[in-house]
Amino acid sequence: MRIRFGWRNLYIFSTLVQHLKTKLMKTLIHIYFALFTLVSFSQTISIQKSSALETGNAKDAGMSTERLSKIDAMISEEVTNGNIPGAVALIARNGKIVFHKAYGMSNNEAKISMEKDAIFRIASQTKAITSTAVMMLWEEGKFQLDDNISKYIPEFGEAQILDTFNEADGTYTTKPAENQITIRDLLTHTSGIGYGVIDGDERFKKIYAKAGITDLFTTEKITIAESVKKLAKLPLHHEPGEAFTYSEGLDVLGYFIEVISGVPFDEFFKTRIFEPLNMKDTWFYQPKENYNRLVAVQKKENDKWIKYPITFYDTDYPIKGAKTFFSGGAGLSSTAKDYATFLQMYLNEGELNGVRLLSRTTVKSILGNQIGDIWDGPKNHGLAFSIVNEKGEISGGLGSDGTFEWGGYFNTQYFADPKEKVIGILMKQTQGPVDDTTSWKFKQMLFSSIDD
């Protein structure tokens, strides 16, 4: 059989060969990048080797089973009384889970019961993970904490503070700041950046809305790079480093991580933190097999719990929409067990199950007072968490001096006490007015359950 090539056939053949060569080259580049990532960013094996977080006996961990049962009864009663629709509570001590229970409903309208592995929108609990990622890169000598952010994101330029604001048309004037925003400022909410739609200052709500800043969550097709570059052009509340203003600074740092590492933010989290810690259920956008485990955000209306409506965001953002916006300040969803695993790594001074994410010396810095006397109360602020101080310990119900904590927009909370080696997590998903006393009761009753 003879094969004849005319000019046309020869052209098609050569085009096909070129296409295959291009495709092969792209494949080789992807393989090289994957290997480079693995070599450059794999976690270090620690000479310390704690156990993975597992279920243990409360008595062996120095916890009163009788007092833990009172916590169980308290949460059950709040659900029965209609004050919360449902919850998952977890308590761990000395590296062992001694209490892990689910209550009520994950979705009342759909009659779906809450399960212990339910997935919650953890919102601002994302901040501590973003801060951890920043400090992992800091340990690699990529930058200094007091570097200006404009060194890495030039759009920030010279910092400007809001001077005057015209309510009629939303125009404003600015004045030059004396200080520039540093990475430390962004970690500690002292940068002067605001928080758009949830900002306490109505002027900044309007300025951010007019500029098209994406706050918190979205199903729209936008990236953190696009949003942060818009944010960089806006005025500040105050001089950087001189006051505490809860802000979108952690979203800025999410983009900063991309710039410094050369890796997409979600991929950095996955390969550098979640996979090493075996946090399989923590994602910006959940995989399809987890959709049915996502708890509904609910509000109370006419004494019934109903699904919270779409407002400036759609509460179903973890499972729908463009899935391109990775908010370092509010974007993750997770389980109580996964987040307890993250906190246990901190209680172990940066190590878990033989994998070291942070040095114990870095953890000490993260858990130190980073804002001086800006706060004058029972807590200080470190590089990732608020920190209970001696005044807070003496006041009672907050944990030991050094207990670190935060919470989330949809009514989630966590705390970890390094002295008592105890973790408390209480996950709920509500918005709007609630008669919910579980948050303070859970913490107060947990510390009262220590019995060694």
Side-chain angles (χ1 to χ4, degrees), residues 58-59 61-93 97-106 108 113-116 118 120-125 295 297-300 303 305 335-337 339-340 343 377-379 385-389 391-452:
K59 188 177 292 186
M63 301 291 285
S64 166
T65 54
E66 184 180 0
R67 292 189 173 208
L68 290 176
S69 69
K70 292 182 179 181
I71 295 176
D72 183 26
M74 179 272 293
I75 300 173
S76 294
E77 184 178 5
E78 289 296 297
V79 173
T80 300
N81 291 341
N83 294 329
I84 56 173
V88 172
L90 184 149
I91 299 169
R93 190 162 195 232
I97 297 172
V98 298
F99 186 100
H100 189 192
K101 295 193 175 185
Y103 304 86
M105 305 296 284
S106 169
N108 283 60
S113 297
M114 189 74 79
E115 302 291 342
K116 290 193 295 184
F120 296 80
R121 300 156 194 78
I122 61 172
S124 287
Q125 292 186 204
V295 179
V297 177
Q298 300 182 78
K299 74 167 187 172
K300 201 168 189 181
D303 288 329
W305 290 103
T335 62
K337 172 74 180 296
Y339 210 83
L343 296 177
K379 298 175 187 177
F385 315 92
S386 69
I387 316 291
V388 175
N389 56 31
K391 190 185 297 185
E393 178 177 7
I394 293 169
S395 70
L398 299 179
S400 305
D401 181 359
T403 295
F404 52 98
E405 61 179 4
W406 207 252
Y409 185 71
F410 299 104
N411 207 356
T412 60
Q413 71 179 103
Y414 69 86
F415 49 90
D417 185 331
K419 290 183 181 177
E420 296 294 347
K421 302 294 183 184
V422 67
I423 292 168
I425 295 176
L426 184 58
M427 301 284 212
K428 296 160 284 185
Q429 297 279 263
T430 60
Q431 275 291 283
V434 289
D435 184 17
D436 177 13
T437 59
T438 57
S439 295
W440 68 265
K441 286 182 178 179
F442 177 68
K443 182 182 291 186
Q444 189 168 301
M445 295 173 74
L446 184 155
F447 286 115
S448 301
S449 299
I450 294 172
D451 189 29
D452 59 1

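What you see is a predicted model, and the numbers here were worked out from it, not measured in a lab.
- Looking at every heavy atom in both residues, Ala87 comes nearest to Leu426 through CB-CD1, 4.2 Å.
- Within the 4.5 Å cutoff, no side-chain heavy atoms of Arg67 are placed close to those of Asp451.
- Atom NZ of Lys70 sits in a sparse spot, with 12 or fewer heavy atoms from other residues, nucleotides or ligands closer than 6.0 Å.
- Across every non-hydrogen atom of Arg93 and Gly62, the tightest pair is NH1-O, 3.2 Å.
- Residues passing the side-chain hydrogen bond (donor to acceptor under 3.5 Å, both in side chains) test with Lys116, sequence neighbours excluded: none.
- Aromatic ring pairs are classed by plane angle as parallel below 30°, tilted from 30° to 60° and perpendicular above 60°; the pair Phe385 and Phe404 is tilted.
- At distances below 3.5 Å, not a single donor-acceptor pair connects side-chain atoms of Arg121 with backbone N or O atoms of Gln429.
- The structure places CG of Asn83 at 5.5 Å from NZ of Lys300, a figure rounded to the nearest 0.5 Å.
- Taken to the nearest 0.5 Å, the CG atom of Asn108 stands 9.5 Å off from the OG atom of Ser113.
- Distance check, rounded to the nearest 0.5 Å: CH2 of Trp406 to CD1 of Ile387 gives 10.0 Å.
- In this structure the side chain of Asn411 reaches within 4.5 angstrom of the side chain of Ser439, judged on heavy atoms.
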side-chain contact (heavy atoms from CB on, under 4.5 Å) assessment of Met105 paired with Trp305: CA-CA 10 Å; Met105 305 296 284; Trp305 290 103; over 6 Å; no
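- The two residues Ile423 and Ala340 come nearest to each other via the heavy atoms CD1-O, 3.6 Å.
- Between the side chain of Gln444 and the backbone N or O of Gly396, no donor-acceptor pair lies under 3.5 Å.
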Checking Val434 against Lys299 for the side-chain contact (heavy atoms from CB on, under 4.5 Å) test, could you report, in this order, the C-alpha distance in whole Å, the side-chain angles of both residues, the deciding distance, and whether it holds? CA-CA 8 Å; Val434 289; Lys299 74 167 187 172; over 6 Å; no
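- Ile425 and Ala336 make their closest contact through CD1-O, 3.4 Å (heavy atoms, listed as atom of the first residue, atom of the second, distance).
- The side-chain heavy atoms of Ile122 and Met427, taken from C-beta on, include a pair separated by under 4.5 Å.
- Take Ser400 and apply the side-chain hydrogen bond (donor to acceptor under 3.5 Å, both in side chains) test, not counting sequence neighbours, and it matches Asp417.
- The structure places CE of Met63 at 5.5 Å from CD1 of Ile91, a figure rounded to the nearest 0.5 Å.
- Residue pairs meeting the salt bridge (Lys or Arg N to Asp or Glu O under 4.0 Å) criterion with at least one member in residues 422-435, sequence neighbours excluded: Lys428-Asp436.
- For the pair Ser69 (side chain) and Glu66 (backbone), a donor-acceptor distance under 3.5 Å is present.
- Here the closest non-hydrogen pair linking Ala123 and Phe410 is CB-CD1, 4.2 Å.
- Val79 and Gly104 get closest at one heavy-atom pair: CG1-CA, 3.7 Å.
- How far OG1 of Thr430 is from CD1 of Ile84: 8.5 Å, rounded to the nearest 0.5 Å.
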From CA spacing to verdict: side-chain contact (heavy atoms from CB on, under 4.5 Å), Leu446, Phe415: CA-CA 11 Å; Leu446 184 155; Phe415 49 90; 3.8 Å; yes
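- By the 4.5 Å heavy-atom criterion applied to side chains, Phe447 and Val422 are counted as neighbours.
- Qualifying side-chain hydrogen bond (donor to acceptor under 3.5 Å, both in side chains) partners for Lys101, counting only residues two or more places apart in sequence or in other chains: Asp72.
- Partners of Phe99 according to the ring-ring contact (aromatic ring centres under 6.0 Å, His included) rule, which considers only residues two or more places apart in sequence or in another chain, do not exist here.
- Between the side chain of Asn389 and the backbone N or O of Lys391 there is at least one donor-acceptor pair closer than 3.5 Å.
- In this structure, Gln298 contributes its side chain and Pro85 its backbone to no donor-acceptor pair below 3.5 Å.
- In this structure, Lys337 has no side-chain hydrogen bond (donor to acceptor under 3.5 Å, both in side chains) partners at least two apart in sequence or on a different chain.
- In the model, Thr438 has no side-chain atom that pairs as donor or acceptor with a side-chain atom of Glu78 under 3.5 Å.
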Kindly indicate, with the supporting measurements, whether the criterion side-chain contact (heavy atoms from CB on, under 4.5 Å) is fulfilled by Lys379 and Thr403. CA-CA 9 Å; Lys379 298 175 187 177; Thr403 295; over 6 Å; no
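- Between Gln413 atom CD and Ser124 atom OG the span is 14.0 Å, to the nearest 0.5 Å.
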